[in-house]
Participant: 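Structure in structure tokens, see below.
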Amino acid sequence: MFAFAPAITALNDRVGWRYCLLTIGALQLNIVVCGALLRPIVIKLQEEKKEQLESAYMLENEKTLTSLDSIDSGVEVSTSPKNTPTNVKSEKRSKVLAEEQPEAQHKAPPLLDFSVLRDPSFICYALFGLFATLGFFAPSLYIIPLSLSLGIDKDRSAYMLSTMAIAEVFGRIGAGWLLNKKPIRKIYIELVFVLLICLSLVAFPFACDFWGLLVCSMFFGCMLGTVAGTHIPLLAEDDVVGIEKMSSAVGVYVFIQSISGLAGPPLGGLGCTTNVRQKVE
């Protein structure tokens, strides 16, 4: 994004926005190729490791079979491996293996389970995603018109998007580093990120020149990276749904997000149009 923002702006000036969007769409067709090449990751236990585990279980089983000599009665009760029948040892070995090995007969959980909608923690988190996504794309859409309204020339306005994108990269990396450190619970770290991104949005109306808008764009891009890079993985935390329901929760959560993502930019445009009409009147 930070590499192509000035180039796409220049392309828009030369060929118009229609052909510019067609060019961007053609460049993004690589996503289709990558999606077609995706394959599920199947992790299988290698035969060597399996044999090692079986031999280890056998050795442990044989060690537990000890000989007991009754000195008082003069009767020897021997349960050593050499005196134990083969079928008894095989039965005990299979029993130990069955107890130790993970249960493989459980059915895989469904990919889309709407039962997560009955979870209060997931409902709260989904509402956060619903309202947060309403404003995710607004700054990227309106930062250039805001720059032009402040008297900044068109070429320099394009670098606002570049600044956002560069700061977003550092925001994602910093968020991952901070979540790995775990100074507090991860859900609280996400709350701090959301509060900071709200603060960055509030700062935009107070920017009055190029450098002020550049700082606001940098701050917003960094905070956008922290939220965008962490809000979906946090579904796996026990504070939300946990790792067991992660796959179903992601599907439902992204579906809810897509609704607000589609509605956010038009609502922002409606608000801008209403504001302009009021100023004209």
Participant: In sequence, state the C-alpha distance, the side-chain angles, and the governing distance for E190 and V227, and then conclude on side chain to side chain contact (heavy atoms under 4.5 Å, CB included).
Facilitator: CA-CA 7 Å; E190 184 74 7; V227 176; 3.8 Å; yes
Participant: Output all residues satisfying side chain to side chain donor-acceptor pair (under 3.5 Å) with D238, sequence neighbours left out; order by chain, then residue number.
Facilitator: none
Participant: At what distance, to the nearest 0.5 angstrom, does OG of S157 lie from CD1 of I143?
Facilitator: 8.5 Å
Participant: Roughly how far apart are I189 CD1 and T226 OG1, rounded to 0.5 Å?
Facilitator: 11.0 Å
Participant: Please, which pairs that meet side chain to side chain donor-acceptor pair (under 3.5 Å) have at least one residue in residues 22-42, sequence neighbours excluded?
Facilitator: none
Participant: Grab the two heavy atoms, one from A207 and one from C216, that are nearest each other, plus how far apart they are.
Facilitator: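 A207 and C216 have their closest heavy atoms at CB-SG, 4.1 Å.
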Participant: Cluster partners of Y19, using ILVMFWY side-chain heavy atoms under 4.5 angstrom, listed by chain and number?
Facilitator: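 Y19 clusters with L11, V15, L22.
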Participant: Identify, with sequence neighbours excluded, every residue that meets salt bridge (charged side-chain N to carboxylate O under 4.0 Å, His left out) alongside R156.
Facilitator: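 So R156 forms no salt bridge (charged side-chain N to carboxylate O under 4.0 Å, His left out) with any residue.
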Participant: I'd like to check the salt bridge (charged side-chain N to carboxylate O under 4.0 Å, His left out) partners of D13; sequence neighbours left out, ordered by chain and number.
Facilitator: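 So D13 forms a salt bridge (charged side-chain N to carboxylate O under 4.0 Å, His left out) with K154.
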Participant: With E237 as reference, evaluate K186, K245, R185, K182 under the salt bridge (Lys or Arg N to Asp or Glu O under 4.0 Å) test and give the passing residue.
Facilitator: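 Between E237 and the candidates, salt bridge (Lys or Arg N to Asp or Glu O under 4.0 Å) is satisfied uniquely by K186.
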Participant: Under a 4.5 Å cut-off applied to non-hydrogen side-chain atoms, are F122 and V252 in contact?
Facilitator: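 Yes. Closest side-chain heavy atoms under 4.5 Å.
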Participant: Test: ring pair (Phe, Tyr, Trp, His ring centres under 6.0 Å). Region: residues 164-189. Which pairs qualify, not counting sequence neighbours?
Facilitator: none
Participant: Quick one: do L146 and M160 satisfy side chain to side chain contact (heavy atoms under 4.5 Å, CB included)? Show the steps, please.
Facilitator: CA-CA 10 Å; L146 178 61; M160 298 297 172; over 6 Å; no
Participant: With S260, which residues qualify under side chain to side chain donor-acceptor pair (under 3.5 Å), at least two apart?
Facilitator: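 S260 satisfies side chain to side chain donor-acceptor pair (under 3.5 Å) with no residue once adjacent residues are dropped.
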Participant: If you group Ile, Leu, Val, Met, Phe, Trp and Tyr by side-chain heavy-atom gaps below 4.5 Å, do L224 and F131 land in one group?
Facilitator: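 Linked within one cluster.
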Participant: Are F220 and V202 co-members of a hydrophobic cluster defined by side-chain heavy atoms under 4.5 Å apart?
Facilitator: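 Hydrophobic grouping puts V202 apart from F220.
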Participant: With clusters built from Ile, Leu, Val, Met, Phe, Trp and Tyr whose side-chain heavy atoms come within less than 4.5 Å, directly or transitively, what are the remaining members of the cluster of V33, listed by chain and number?
Facilitator: L37
Participant: Hydrophobic clusters join Ile, Leu, Val, Met, Phe, Trp and Tyr when side-chain heavy atoms are under 4.5 Å apart, directly or via other members; which others share one with L29?
Facilitator: V32
Participant: Residues in side-chain contact (heavy atoms from CB on, under 4.5 Å) with V254, at least two apart?
Facilitator: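 V254: side-chain contact (heavy atoms from CB on, under 4.5 Å) contacts with I232, V250.
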Participant: T133: what forms a side chain to side chain donor-acceptor pair (under 3.5 Å) with it, not counting sequence neighbours?
Facilitator: Q257
Participant: Does any non-hydrogen side-chain atom of M164 lie less than 4.5 Å from one of E168?
Facilitator: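 Result no, sub-4.5 Å side-chain heavy-atom pair not found.
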Participant: Would you say M218 and F193 are hydrophobically clustered, going by side-chain heavy atoms of ILVMFWY under 4.5 Å?
Facilitator: no
Participant: Roughly how far, to the nearest 0.5 Å, is the OG atom of S147 from the CG atom of L161?
Facilitator: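 Output value for this atom pair is 8.5 Å.
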Participant: Determine whether L191 and I184 fall in the same hydrophobic cluster, where Ile, Leu, Val, Met, Phe, Trp and Tyr are linked whenever their side-chain heavy atoms lie under 4.5 Å apart.
Facilitator: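 Unlinked, L191 and I184 end up in two clusters.
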Participant: Could you pull out the closest heavy-atom pair between L213 and L150, with the gap in Å?
Facilitator: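 Answer, listing the atom of L213 first, then L150: CD2-CD1, 4.1 Å.
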Participant: Are I256 and L262 connected in the hydrophobic side-chain network, where two residues link if heavy atoms are under 4.5 Å apart?
Facilitator: no
Participant: Filter on ring pair (Phe, Tyr, Trp, His ring centres under 6.0 Å), then keep only pairs touching residues 239-268, sequence neighbours left out; what's left?
Facilitator: Y125-Y253, H231-Y253
